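Counting starts at 1 for both ligands and their atoms, following the listed order. The shown structure was predicted, so the numbers you read here are calculated from the model rather than taken from an experiment.
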Amino acid sequence: MKKAPFSHALVTGASSGIGEAVANKLGKAGVGMVLVARRKDRLDAIAARFPSVEVLVADLTTSSGLSAVLERLGSTSLPNIELVVNNAGFGTSGPFADADPERLSREISLNINALTRISHEAVRQMLPRGRGYLLNVSSIASFQPGPDLAVYAATKAFVTSLTESLHEELRGSGIRVTALCPGLTHTEFQSISNTSGLESNFPEFAWMSADDVARDGLRAVAAGKAICVPGLVNKSLATVSTFTPRGLARRIAGLATRLR
Ligand SMILES: NC(=O)c1ccc[n+]([C@@H]2O[C@H](COP(=O)([O-])OP(=O)(O)OC[C@H]3O[C@@H](n4cnc5c(N)ncnc54)[C@H](OP(=O)(O)O)[C@@H]3O)[C@@H](O)[C@H]2O)c1
């Protein structure tokens, strides 16, 4: 991105994948950053490449980790955060009944609770300033049910719904709120969420790089778009799923995820 409309950003899940790509783009554009994730070495490596980077090591599924991020957002002694990128997230694939219940709780805690609380604090801080940017990373999985990825799809449906609501609620406030809804993107997501089988199910043209997804997301939030679906294939899938009867969309989604 050339001239960024924000001078300081906070990015969650900045240690790999889409979040790392967002951090690299912001760093190159001269934006100061607070980078949040659990892996300190990864965050330190990014911080070493750019000036004005704070590393905030936090597990966002814990109350202490989440509080540290909320406190940083409210800090009056450090630079104001003008862009918040809620990117940290993961999925759990496989039959619902077989899933580890503790893992499902952590997934809901990260994808929904942490994102909601960080969005809430960001908006509270930005409202009196009359400006700000909030980019919430959702997924095209949010547009239809996701058999074999049921909890993940449900968490992302929450993210898209919350973000669209906030976009509308905050119209005229100076705060721009965008849901970034990527499709298949090469990151660590596949190994962590046990969806590596998708790599053989879907041709390479259906996949995007984290770099391209990050570029489209940052452009969209700067432009004040409500929803950004990056890439032609994903845009087509999102459009088809809007017009497909829900019962049929369910069946197709089930076939796509069970082909592994
Ligand atoms: N890749 C895809 O195909 C795809 C498609 C649609 C949407 N998305 C969404 O894109 C976002 C980024 O995922 P990605 O694909 O870039 O995957 P990724 O490479 O696995 O990155 C996930 C990031 O989240 C962080 N994270 C995970 N658990 C955390 C926790 N408890 N506390 C703090 N940070 C945590 C990870 O850092 P640490 O492990 O260092 O904590 C990492 O930086 C997610 O919300 C995902 O749902 C991905």
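Within a 6.0 Å sphere centred on NZ of K225, other residues, nucleotides and ligands contribute 12 heavy atoms or fewer. When the shell of 6.0 Å around CZ of R215 is examined, it contains more than 12 heavy atoms from other residues, nucleotides or ligands.
In this structure, E20 falls outside the shell of residues with a heavy atom less than 4.0 angstrom from ligand 1. In this structure, S191 has no heavy atom closer than 4.0 Å to ligand 1. No heavy atom of A210 sits closer than 4.0 Å to any atom of ligand 1.
Nearest to atom 9 (C) of ligand 1 by heavy atom, out of L110, N234, T155, V137, is V137.
Those atoms of ligand 1 with a heavy atom of D59 less than 4.0 angstrom away are 30 (C), 31 (N), 32 (N). The G17 neighbourhood of ligand 1 comprises atoms 16 (O), 19 (O), with distances under 4.0 Å to a heavy atom of that residue. Shown in contact with T61 at under 4.0 Å from a heavy atom are these atoms of ligand 1, numbered in order with element: 31 (N). Less than 4.0 angstrom separates some heavy atom of Y152 from each of these atoms of ligand 1: 6 (C), 7 (C), 8 (N), 9 (C), 46 (C), 47 (O). Atoms of ligand 1 found under 4.0 Å from any heavy atom of F189 (numbered from 1 in listed order, with element): 1 (N), 15 (O), 17 (O), 18 (P), 19 (O), 20 (O), 47 (O). Close approach of ligand 1 to E188 (heavy-atom distance below 4.0 Å) involves ligand atoms 19 (O), 20 (O). Every atom of ligand 1 with a heavy atom of L60 under 4.0 Å away is listed here by number and element: 30 (C), 31 (N), 32 (N), 33 (C). Contact atoms of ligand 1 toward L184: 3 (O) (distance under 4.0 Å to a heavy atom of the residue).
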Run the numbers on L56 and R72 for side chain to side chain contact (heavy atoms under 4.5 Å, CB included), then give the verdict.
-> CA-CA 9 Å; L56 204 172; R72 174 59 190 87; 3.9 Å; yes
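Ranking protein heavy atoms by distance to atom 33 (C) of ligand 1, first place goes to A58 O, 3.4 Å. Protein heavy atom closest to atom 17 (O) of ligand 1, with residue, atom name and distance, is T187 OG1, 3.4 Å.
No option in L135, I18, V36 other than I18 meets the side-chain contact (heavy atoms from CB on, under 4.5 Å) test with N87. Under the side-chain contact (heavy atoms from CB on, under 4.5 Å) test applied with L73, the options L10, V123, V34 reduce to a single match, L10.
A heavy-atom distance below 4.5 Å is found between the side chains of P182 and V137. Here the side chains of L180 and P230 are in contact, with some heavy-atom distance below 4.5 Å.
Atom CZ of R219 is separated from atom OG1 of T178 by 14.0 Å, given to the nearest 0.5 angstrom.
The shortest N/O to N/O separation between G19 and ligand 1 does not fall below 3.5 Å.
Using a distance-only test at 3.5 Å, with no hydrogens or angles considered, no donor-acceptor pair links the side chain of S193 to the main chain of S191.
With a heavy-atom cut-off of 4.0 Å, I192 touches ligand 1 through its side chain alone. Residue-level proximity to ligand 1 for K156 is carried by the side chain, the only part with a heavy atom below 4.0 angstrom. Contact annotation for S138 and ligand 1: only backbone heavy atoms (N, CA, C, O) come within less than 4.0 Å of the ligand. Neither the backbone nor the side chain of H186 has a heavy atom within less than 4.0 Å of ligand 1.
Linking ILVMFWY side-chain heavy atoms closer than 4.5 Å, directly or via other members, places F90 and I118 in a single hydrophobic cluster.
Between T160 and S138, the side chains place a donor N or O and an acceptor N or O closer than 3.5 Å (distance only, hydrogens not considered).
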